[in-house]
Amino acid sequence: MKKKLYIVAFLLPLLLMLAMPVMAADDRSIDEESIYYIVVDRFNNGDSTNDSDVDRSNPLAYHGGDIQGIIGQLDYIKDMGFTSILLSPIFENDSNTFYPYHVTDRQEINRHFGTKDDLKQLVKEAHEKDMKIILDLGISSNKGPFDSELVNTALGWVQETDIDGYKIDLVEGISPNYISTFTSELTSQKENLILIGEPAGLDDLSKFKAAGLDSVFNPIPYEGITSFSVPDQPFNNVDSIWEQNQEFENTNTLINFMDNTNTVRFTYLATEANEHPAPRLKSALTYLYTTPGIPIVFYGTEIALNGSEPPDNLGLMDFRTDQELVEYITLLSKVRSGVPALTKGSIELVKNDAGLLVFKREFEGQIAFVAINNTTKTQSFSLTTDQVGQNKELTGLITEDLIRPTDDEFHVVVNRDISEVFVVRDTTKINYTLFIAVFIVPVLMIGFIYLNKKRHGRRKPE
């Protein structure tokens, strides 16, 4: 897998000439973000002095994770390619449970997680790595307050710690008008603040986004994504999912997920079907990273963390496990960030047949085809020159395939449990000037040095 990371890193900027310039955090558009979602208490313990009430044998008790623990793993998150980190609520909480959505005071940090200075340090160090920190306001019911108090509290944290955004649950009592006021007040303080909504259902979802939210959690693809947990099954309702998404002005700005705090773990679905989770997770992750929308990955997905209904799905993170999925997420991040068609393009279904899903992404003349083989057999399909273009070839960014047409058709073979992202580019022609500069000149130089050394070596000492 590390070899593939190096190859992709070379192919994207040099061979395909498609890679976008490295963006500072402030310059990234929302559709270029990728989010790592952390439940703070279950991620990493970086400060043992706040470990009061810790009982890891009790799923409802604190397990010791804190803000310092996240600071200690920023490089780990950055290296996987994530641009933003979403934290579960870190505010003062009901003392009877760790569950972070029982918030009692949003003006204070939960003592189990650290201090305001810890949060400031986290934001500062994340910014130094071009990552953003987004806080969950922890609204779990319609009890409020949905008034100036909440706005002022949110503004206060932005002013004091320079956080980059908020997630707000769109529960009953929060209207599009309130969201409009909320976003207006906060963005007047920090123009590029990210505001994310998580809906309780599908009603008026587009209205909330139109009211000023940068993004909303999109529940529409969830059922389809979970279908990857079992092989040899068609992707559920793919046409209707993409059609429903069209009600939004820009589907590339919606947040797509495969599991979260409210669902069973994707790994649980796979293991319940007696499936090894890694291949199934790779298929689902490929879909998450290559379809329209912002991928959000729940902590522990990269180690195939298991768990059924909450709180069983909020297990403790383990950093000492196999790196296979970590490396695959890193690879997908490089591919997604280097191919604008995957973050900004349109989507068109090519094939959806018993576990083989193929679709086309296109943006400003750039075309990519994604093939996900979530089956137990090698699969094949064909693309025509009408679909791909004349005098073109397909370059694979995951398996490194290079496919040229035969009789105006591209014959593609994808091995079992393998996904591929093919980028369309002009048929390769030998650049003789580059060939001479890169290969011939060094060979001649080595030959000259060798002969010169050999000639001098034959001289007899006087």
Side-chain angles (χ1 to χ4, degrees), residues 20 23 28-37 80-86 132 134 165 167-168 170 194-199 201-202 205-210 213-228 235-260 262-263 266 281-298 301 328-329 332-350 352 357-364 366 368-370 372 419 421:
M20 301 173 71
M23 294 280 188
R28 282 193 303 268
S29 60
I30 186 68
D31 51 24
E32 293 168 331
E33 299 287 348
S34 57
I35 304 172
Y36 190 69
Y37 187 3
M80 282 191 286
F82 292 104
T83 62
S84 293
I85 301 171
L86 171 61
K132 298 175 181 177
I134 303 170
K167 169 182 165 287
I168 183 168
L170 305 178
I194 295 176
L195 296 170
I196 298 169
E198 182 167 15
L202 296 177
L205 200 52
S206 60
K207 292 181 181 179
F208 278 106
K209 191 170 186 309
L213 294 174
D214 295 287
S215 184
V216 292
F217 276 72
N218 182 16
I220 297 172
Y222 174 71
E223 182 181 349
I225 293 174
T226 59
S227 67
F228 286 118
F235 186 94
N236 292 338
N237 306 317
V238 64
D239 291 317
S240 63
I241 287 171
W242 294 347
E243 184 178 339
Q244 280 182 277
N245 282 342
Q246 294 309 311
E247 69 175 272
F248 296 92
E249 183 178 345
N250 185 358
T251 59
N252 289 305
T253 63
L254 302 177
I255 292 176
N256 296 328
F257 58 91
M258 54 196 293
D259 48 21
N260 59 33
N262 301 315
T263 71
F266 182 93
L281 278 162
K282 286 182 177 181
S283 292
L285 285 163
T286 303
Y287 181 90
L288 199 67
Y289 272 76
T290 59
T291 51
I294 302 164
I296 186 166
V297 176
F298 198 27
T301 298
Y328 192 72
I329 289 173
L332 288 175
S333 294
K334 290 181 182 294
V335 170
R336 182 177 183 270
S337 64
V339 182
L342 298 180
T343 56
K344 301 178 182 296
S346 60
I347 190 165
E348 176 186 334
L349 180 64
V350 175
N352 182 25
L357 180 65
V358 184
F359 51 88
K360 177 182 180 180
R361 302 294 309 273
E362 185 170 3
F363 176 71
E364 294 185 349
Q366 183 192 78
F369 288 91
V370 180
I372 303 174
S419 299
V421 177

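All residue numbers refer to positions in the sequence shown, counting from 1.
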From L332 CG over to T290 OG1, what is the distance, rounded to the nearest 0.5 angstrom?
8.0 Å
Over all heavy atoms of both residues, which pair between P219 and P199 is shortest? Give the atoms and the distance, please.
CD-CG, 4.3 Å
Grab the two heavy atoms, one from P295 and one from G293, that are nearest each other, plus how far apart they are.
CD-O, 3.6 Å
Would a 4.5 Å heavy-atom cut-off, applied to side chains only, mark F217 and I296 as touching?
yes
Would you check if the distance from the ring center of F257 to the ring center of Y37 is below 6.0 Å?
no
Looking only at non-hydrogen atoms, find the nearest pair between T291 and L288 and report the distance.
OG1-O, 4.2 Å
Quick check: do Y328 and L281 have side-chain heavy atoms less than 4.5 Å from each other?
no
Got a second to check how far M258's CE is from L285's CG, nearest 0.5 Å?
4.5 Å
Mark yes or no for whether R361, through its side chain, and L342, through its backbone, hold a donor-acceptor pair below 3.5 Å.
yes
After noting the C-alpha distance and the side-chain angles of T251 and W242, does the key distance pass the side chain to side chain contact (heavy atoms under 4.5 Å, CB included) rule?
CA-CA 9 Å; T251 59; W242 294 347; over 6 Å; no
Between S283 and F228, which heavy-atom pair has the shortest distance, and what is it?
CB-CD2, 3.9 Å
Do the side chains of N262 and E198 get nearer than 4.5 Å, heavy atoms only?
yes
So, does N260 use its side chain to make a donor-acceptor pair with the main chain of F298 at under 3.5 Å?
no
Side-chain heavy atoms of V339 within contact of Q366, under 4.5 Å:
yes
Between I241 and F235, does the side chain to side chain contact (heavy atoms under 4.5 Å, CB included) criterion hold? Intermediate values first, please.
CA-CA 10 Å; I241 287 171; F235 186 94; 3.6 Å; yes
In Å, rounded to the nearest 0.5 Å, how long is the span from CD1 of I196 to CG of L254?
11.5 Å
Is there a donor-acceptor pair under 3.5 Å between the side chain of T253 and the backbone N or O of I30?
no
Using modelled atom types only, decide if a donor and an acceptor are shared between the side chain of N252 and the backbone of K344 within a distance under 3.5 Å.
yes
Rounded to the nearest 0.5 Å, how far apart are OH of Y289 and OG of S333?
4.0 Å
Which pair of non-hydrogen atoms, one from N256 and one from P292, has the smallest distance, and what is that distance?
ND2-O, 2.8 Å
One pair to check against side chain to side chain donor-acceptor pair (under 3.5 Å): E362 and S346. What are the steps and the verdict?
CA-CA 5 Å; E362 185 170 3; S346 60; 5.0 Å; no
How long is the gap from OH on Y36 to CD1 on I134, to the nearest 0.5 Å?
15.0 Å
Check the orientation of F359 and Y287. Use parallel for under 30°, tilted for 30 to 60°, and perpendicular for over 60°.
perpendicular
Looking at I225 and A284, what are the two nearest heavy atoms and their distance?
CG2-CB, 4.1 Å
Spatial distance of atom CD1 (I255) from atom CD (E33) [nearest 0.5 Å]
9.5 Å
Could you give me the CA-CA distance, side-chain angles and deciding distance for F82 and I329, then say whether side chain to side chain contact (heavy atoms under 4.5 Å, CB included) is met?
CA-CA 9 Å; F82 292 104; I329 289 173; 4.0 Å; yes
My understanding is that only one of I372, L357, N236 makes a side-chain contact (heavy atoms from CB on, under 4.5 Å) with N352; could you say which?
L357
